[in-house]
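Notes follow the structure.
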Amino acid sequence: MADKKASVVIIGSGPAGYTAAIYAARANLEPVLISGPQPGGQLTITSDVENFPGFPKGIMGPEMMNLFREQAERFGTRFVEGMVTSVDLSRRPFLVEVDEGRDCWSAETLIVSTGASARWLGIPGEKDYWGRGVSACATCDGFFFKGQEVVVVGGGDSAMEEATFLTKFASRVTVIHRREELRASKIMQDKAKNNPKISFIWNSAVSRVLGNEQGVTGVVVKNLHTGDEAEVHCTGFFVAIGHDPNTQIVKGQLPLDEAGYIKTHLGSTKTDVAGVFACGDAIDSVYRQAITAAGTGCMAALDAERFLEHWVDDRP
Ligand code: NAP
């Protein structure tokens with residue numbers, strides 16, 4: 001199949017990808033945005049977004065991503081539904097293959113905004129009961145646990161947010177954390193700790209998810225100090241232990257840090273390959289906010305635009 005040509009190909013459709021698309025489209029670069037496995041990104045599995053400026057009353061994550069997409073579309077972004085299965089950054093223009101070759105693009109510049117994905121514990125039962133009580137998204141699945149007991153694993157902002165959200169439905173929420181100190185911000189901790197429906201089990205890890213044909217029936221919890229194990233009854237088990245960057249497709253072609261985040265040059269979205277820019281959660285292990293992702297998405301489009309104006313391929 002002949003490659004289709006684009007001056008800018010954007011991989012990923014979260015706040016970073018859409019913002020890059022808005023800027024690149026307004027610069028008349030007719031960007032192509034390849035949406036990835038979860039169009040709209042992580043915000044499509046979030047409830048209220050209350051900290052994105054411009055939405056004083058808050059906005060639902062999926063609705064916000066629809067608005068981002070609409071804005072990118074308005075200025076001429078071309079959308080491709082599919083998953084980028086490989087990129088070749090050793091040739092120029094770069095080659096971007098979608099769905100194992102169903103679609104191929106040759107790109108003068110590439111913006112990698114592939115985001116991050118939820119981490120799993122990898123314990124027995126977790127996969128077996130996935131979708132039957134095991135979840136990584138309270139917003140998506142909380143509704144199914146009306147009047148039931150649920151467990152949340154993790155001690156960060158995500159875990160506190162999930163636990164607090166789940167109290168809208170569940171009769172009891174037990175947070176299990178491997179230390180006795182939470183990593184979450186003070187405000188999120190206080191919200192969870194002051195909620196009468198939430199209780200904590202400290203210094204403990206879930207070692208197994210139990211269940212039957214109906215789904216999850218409980219978890220086995222191990223105290224990490226004493227080694228003692230106990231069963232905690234629950235019908236919902238929510239894993240909220242952080243995320244990993246989705247950077248496998250560029251591994252070996254772009255430098256990554258030890259956690260897998262793409263390394264960019266200080267103060268820009270440039271990578272070590274001229275013409276390839278990276279933004280959003282794929283480069284950010286620190287802030288990981290929609291607004292910071294959108295900010296670096298904007299930077300990536302401006303960097304790509306400047307690159308296209310000035311770069312001369314002087315390789316032999
Ligand atoms: P995080 O801050 O990395 O926290 C992950 C939590 O999971 C930590 O408490 C960690 O324990 C625990 N954990 C990790 N691996 C584990 C394992 N294998 N077994 C058991 N526990 C494990 O991740 P996050 O909560 O997803 O937050 C990520 C970023 O997004 C943060 O910057 C956060 O502020 C932001 N965020 C903000 C909001 C908000 O403002 N509304 C909401 C969600 C997230 P340790 O503490 O022992 O390491």
Side-chain angles (χ1 to χ4, degrees), residues 14-16 38 41-53 55 57-62 64-65 115-127 134-140 142 151-168 173-193 195 198 200-209 219-225 229 232 234 237-246 257-261 280-296:
Q38 192 180 333
Q42 290 183 74
L43 277 176
T44 56
I45 54 166
T46 303
S47 55
D48 279 333
V49 180
E50 295 183 326
N51 50 13
F52 200 95
F55 298 96
K57 296 194 175 91
I59 182 167
M60 297 302 279
M64 183 160 100
M65 294 327 293
S117 296
R119 229 178 254 158
W120 293 98
L121 290 167
I123 53 171
E126 189 179 44
K127 262 194 190 152
V134 174
S135 168
C137 177
T139 318
C140 320
V151 160
V152 175
V153 176
D157 279 334
S158 294
M160 295 311 106
E161 191 174 62
E162 302 259 296
T164 305
F165 179 78
L166 284 164
T167 60
K168 289 186 188 179
V173 178
T174 306
V175 175
I176 298 173
H177 183 38
R178 61 185 179 183
R179 295 186 295 134
E180 57 193 6
E181 201 179 292
L182 295 170
R183 179 179 296 278
S185 56
K186 178 88 171 58
I187 187 168
M188 304 282 271
Q189 287 196 30
D190 289 349
K191 215 170 173 182
K193 283 179 175 168
N195 189 315
I198 299 178
F200 291 83
I201 299 179
W202 304 106
N203 300 312
S204 298
V206 175
S207 53
R208 172 179 293 275
V209 181
V219 290
V220 177
V221 181
K222 184 177 182 174
N223 183 302
L224 297 171
H225 287 174
E229 288 196 326
V232 172
C234 65
F237 177 60
F238 290 83
V239 182
I241 60 168
H243 295 83
D244 289 314
N246 301 321
D257 71 10
E258 57 292 340
Y261 291 87
D281 283 9
I283 65 166
D284 178 11
S285 61
V286 180
Y287 302 103
R288 295 186 279 200
Q289 301 300 301
I291 186 71
T292 50
T296 56

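Both counts, for ligands and for their atoms, begin at 1 and track the order of listing. Only this structure's heavy atoms are used, side chains among them; waters, hydrogens and symmetry mates stay out. Just so it is clear, the structure is predicted and the values come from calculations on it, not from any experiment.
Ligand 1 does not have Val206 within reach: every non-hydrogen atom of the residue lies 4.0 Å or more from it. Within the 4.0 Å heavy-atom shell around ligand 1 one does not find Glu50. Using a non-hydrogen distance threshold of 4.0 Å, Gln289 registers as a contact of ligand 1. Using a 4.0 angstrom heavy-atom cutoff, Met188 counts as in contact with ligand 1.
At most 12 non-hydrogen atoms from other residues, nucleotides or ligands lie less than 6.0 angstrom from CZ of Arg208. Under a cut-off of 6.0 angstrom, the local environment of NZ in Lys127 is sparse, with at most 12 non-hydrogen atoms contributed by other residues, nucleotides or ligands. Heavy atoms of other residues, nucleotides or ligands lying less than 6.0 angstrom from CD of Glu229 number more than 12.
Residues passing the ring-ring contact (aromatic ring centres under 6.0 Å, His included) test with Phe52, sequence neighbours excluded: Phe68.
Looking at atom 33 (C) of ligand 1, its nearest protein heavy atom turns out to be Asp157 OD2, 3.3 Å. Of all protein heavy atoms, the one closest to atom 23 (O) of ligand 1 is Gly242 CA, 3.6 Å. Leu121 CD2, 3.3 Å is the protein heavy atom nearest to atom 19 (N) of ligand 1. Among protein heavy atoms, atom 14 (C) of ligand 1 sits closest to Ile241 O, 3.4 Å. Protein heavy atom in closest approach to atom 24 (P) of ligand 1: Ser158 OG, 3.2 Å. When only non-hydrogen protein atoms are considered, atom 40 (O) of ligand 1 lies nearest to Asn51 ND2, 4.1 Å. Annotation: atom 20 (C) of ligand 1 to nearest protein heavy atom, Arg178 CD, 3.8 Å. Looking from atom 41 (N) of ligand 1 to the surrounding protein, the closest heavy atom is Glu161 OE2, 3.1 Å.
Remark: the backbone N or O of Asp244 is not paired with any side-chain donor or acceptor of Ser117 at under 3.5 angstrom. With Gln189 contributing its side chain and Ala184 its backbone, the two residues share a donor-acceptor pair below 3.5 Å.
Near Arg179, meaning under 4.0 Å from one of its heavy atoms, ligand 1 places the atoms 45 (P), 46 (O), 47 (O). Near His243, meaning under 4.0 Å from one of its heavy atoms, ligand 1 places the atoms 26 (O). For ligand 1, the atoms closer than 4.0 angstrom to any heavy atom of Val286 are 32 (O). With ligand atoms numbered from 1 in the order given, ligand 1 contributes 3 (O), 28 (C), 29 (C) to contacts under 4.0 Å with heavy atoms of Arg288.
Taking distance alone, with nitrogen or oxygen atoms compared against 3.5 Å, Gly155 approaches ligand 1 more closely than that limit. Inclusion of Arg183 in the set of residues having an N or O under 3.5 Å from an N or O of ligand 1 is warranted.
Looking only at side-chain heavy atoms (C-beta outward), Val232 and Ile201 come within less than 4.5 Å of each other. You'll find the side chain of Val49 stays beyond 4.5 Å of the side chain of Phe55, heavy atoms only.
Counting heavy atoms closer than 4.0 Å to ligand 1, residue Leu182 contributes nothing at all.
Taken from CZ in Arg179 to CG in Asn203, the straight-line distance is 9.5 Å, to the nearest 0.5 Å. Here the CZ-CE distance, from Arg183 to Met188, works out to 14.5 Å after rounding to the nearest 0.5 Å.
When Ile176, Leu182, Thr174 are each tested for a side-chain contact (heavy atoms from CB on, under 4.5 Å) with Phe200, only one passes: Leu182.
Salt bridge status for Arg288 with Asp281: absent, with no side-chain N to carboxylate O gap under 4.0 Å.
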